[in-house]
Amino acid sequence: MADAFEVLRADHAAVEQMLAALETSPGYSAGAGSTVLAARREVAQRLVIDSSKHEAAEEQYFWPTVREQLPGGAELADQAIAQEQAAREKLALLDKLDADNDEFDQLIAEFIPAARAHIQFEETRVWPRLREVLSAAQARELGERLSKARERAPTRPDPRTPAVAGRGQSG
């Protein structure tokens with residue numbers, strides 16, 4: 001079984017691929033044709049689904065573990081959850097738009113740097129510290145919990161439902 005960092009890294013890599021696809025393809029305002037717009041919409045839908053599942057799993061297991069295991073973990077978790085809430089709001093809007101809408105392009109342009117900053121925050125500020133305190137067995141158990149939670153997580157963001165930062169189980 002993959003450990004928590006491997007599970008989350010795989011999710012991040014998939015998101016990075018989607019961000020790159022959206023970033024490098026022309027949008028509606030750049031005169032993209034219907035085929036490109038349909039492909040952008042498909043990538044955006046996959047981004048909404050995958051991000052929703054990823055964030056739900058993190059909020060259920062990963063951030064509570066960070067809170068419990070790290071000095072200053074509550075502040076790290078709060079910062080990350082605030083980033084995730086902002087992303088959830090943008091994804092909820094994006095989910096309702098067609099790719100032939102200027103607002104779709106605007107939301108993508110706003111989401112991409114925010115998503116990359118969030119990934120960097122997790123991978124450079126949180127993961128190294130958590131790796132130091134979790135045993136290999138704990139990291140694998142957390143990875144298993146994250147994987148299972150992701151499988152049953154919602155596929156759409158609900159920006160009206162704030163994250164419950166201090167709840168959930170950790171491992």
Side-chain angles (χ1 to χ4, degrees), residues 2-30 32 36-37 39-67 70 72-99 101-132 139 142-143 146-147 149-150 153-159 161-163 165:
D3 73 20
F5 308 104
E6 293 164 335
V7 170
L8 296 176
R9 182 66 205 132
D11 284 356
H12 289 178
V15 167
E16 286 284 1
Q17 286 181 334
M18 289 181 269
L19 297 178
L22 290 167
E23 188 173 51
T24 59
S25 63
Y28 176 69
S29 58
V36 171
L37 292 176
R40 285 174 60 82
R41 177 73 175 135
E42 282 183 40
V43 171
Q45 286 298 300
R46 185 85 250 155
L47 182 64
V48 167
I49 291 166
D50 288 0
S51 294
S52 297
K53 289 175 159 285
H54 173 84
E55 301 305 346
E58 277 189 334
E59 290 174 8
Q60 188 174 6
Y61 293 109
F62 187 75
W63 297 120
T65 300
V66 168
R67 286 179 187 286
L70 294 179
E75 292 80 14
L76 290 171
D78 288 346
Q79 186 174 347
I81 290 169
Q83 293 169 348
E84 291 167 0
Q85 179 64 27
R88 197 172 13 260
E89 291 168 5
K90 284 191 182 4
L91 290 174
L93 293 171
L94 187 66
D95 193 35
K96 295 180 175 98
L97 297 173
D98 288 324
N101 185 314
D102 287 330
E103 190 178 354
F104 181 94
D105 290 346
Q106 181 60 38
L107 283 168
I108 293 292
E110 293 170 7
F111 183 80
I112 289 172
R116 287 186 173 139
H118 178 67
I119 289 169
Q120 182 179 19
F121 175 81
E122 282 188 26
E123 292 183 3
T124 63
R125 297 213 28 223
V126 180
W127 292 6
R129 292 180 58 198
L130 195 58
R131 276 189 169 114
E132 290 177 4
L142 180 57
L146 289 166
S147 292
R150 193 180 187 290
T155 60
R156 294 292 186 269
D158 185 353
T161 307

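Below, all heavy atoms of this structure are taken into account, side chains as well, without hydrogens, waters or symmetry copies.
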Heavy atoms of A115 and L19 approach each other most closely as CB-CD1, 3.8 Å
Is the backbone N or O of R150 less than 3.5 Å from a side-chain atom of K53, with the two atoms forming a donor-acceptor pair by type?
yes
Search all heavy atoms of G27 against all heavy atoms of L37 and return the closest pair with its distance.
C-CD2, 4.1 Å
Counting only heavy atoms from other residues, nucleotides and ligands, does the tally under 6.0 Å from OH of Y28 exceed 12?
no
Is there a side-chain contact between D11 and E58, using heavy atoms and a 4.5 Å cut-off?
no
Work out which heavy atom in P26 is nearest to a heavy atom in V36; give both atom names and the distance.
O-CG1, 3.5 Å
Donor-acceptor under 3.5 Å (E110 side chain, L107 main chain)
no
Q45 CD to D50 CG distance, which is reported to the nearest 0.5 Å:
11.0 Å
Report yes if the side chains of F111 and L94 come closer than 4.5 Å at any heavy-atom pair, otherwise no.
no
Evaluate the side chain to side chain contact (heavy atoms under 4.5 Å, CB included) criterion for residues Q83 and Q79: first the C-alpha distance (whole Å), next the side-chain angles of each, then the deciding distance (0.1 Å), finally the verdict.
CA-CA 6 Å; Q83 293 169 348; Q79 186 174 347; 4.0 Å; yes
Return the CG to CD distance between L91 and E84, rounded to the nearest 0.5 Å.
11.0 Å
How far does OG of S52 sit from CG of D95, to the nearest 0.5 angstrom?
7.5 Å
Set out, in order, the CA-CA distance, both residues' side-chain angles and the distance that settles side chain to side chain contact (heavy atoms under 4.5 Å, CB included) for D78 and R67, then state yes or no.
CA-CA 9 Å; D78 288 346; R67 286 179 187 286; 2.5 Å; yes
Side-chain donor-acceptor contact under 3.5 Å, Q85 with E89:
yes
Verify side chain to side chain contact (heavy atoms under 4.5 Å, CB included) between R116 and E16, making sure each step is shown before the conclusion.
CA-CA 8 Å; R116 287 186 173 139; E16 286 284 1; 3.3 Å; yes
I'd like to know whether CD of E23 has more than 12 heavy-atom contacts from other residues, nucleotides or ligands below 6.0 angstrom.
yes
Would you confirm whether R41, through its side chain, and L97, through its main-chain N or O, come within 3.5 Å as a donor-acceptor pair?
yes
When you check the gap from the basic side-chain N to the acidic O, do E55 and R88 get nearer than 4.0 Å?
no
The test is side chain to side chain contact (heavy atoms under 4.5 Å, CB included); show your working for V15 and H54 and say whether it passes.
CA-CA 10 Å; V15 167; H54 173 84; over 6 Å; no
Has R131 got its NZ or CZ under 6.0 Å from the middle of the six-membered ring of F5, at an angle within 45 degrees of the ring axis?
yes
R40 to F104 - nearest heavy-atom pair and separation
O-CZ, 3.9 Å
Closest non-hydrogen atom pair between V126 and L70, with its separation
O-CD1, 4.4 Å
Grab the two heavy atoms, one from A57 and one from L146, that are nearest each other, plus how far apart they are.
O-CD2, 3.4 Å
Between H118 and E122, does any side-chain donor sit less than 3.5 Å from a side-chain acceptor?
yes
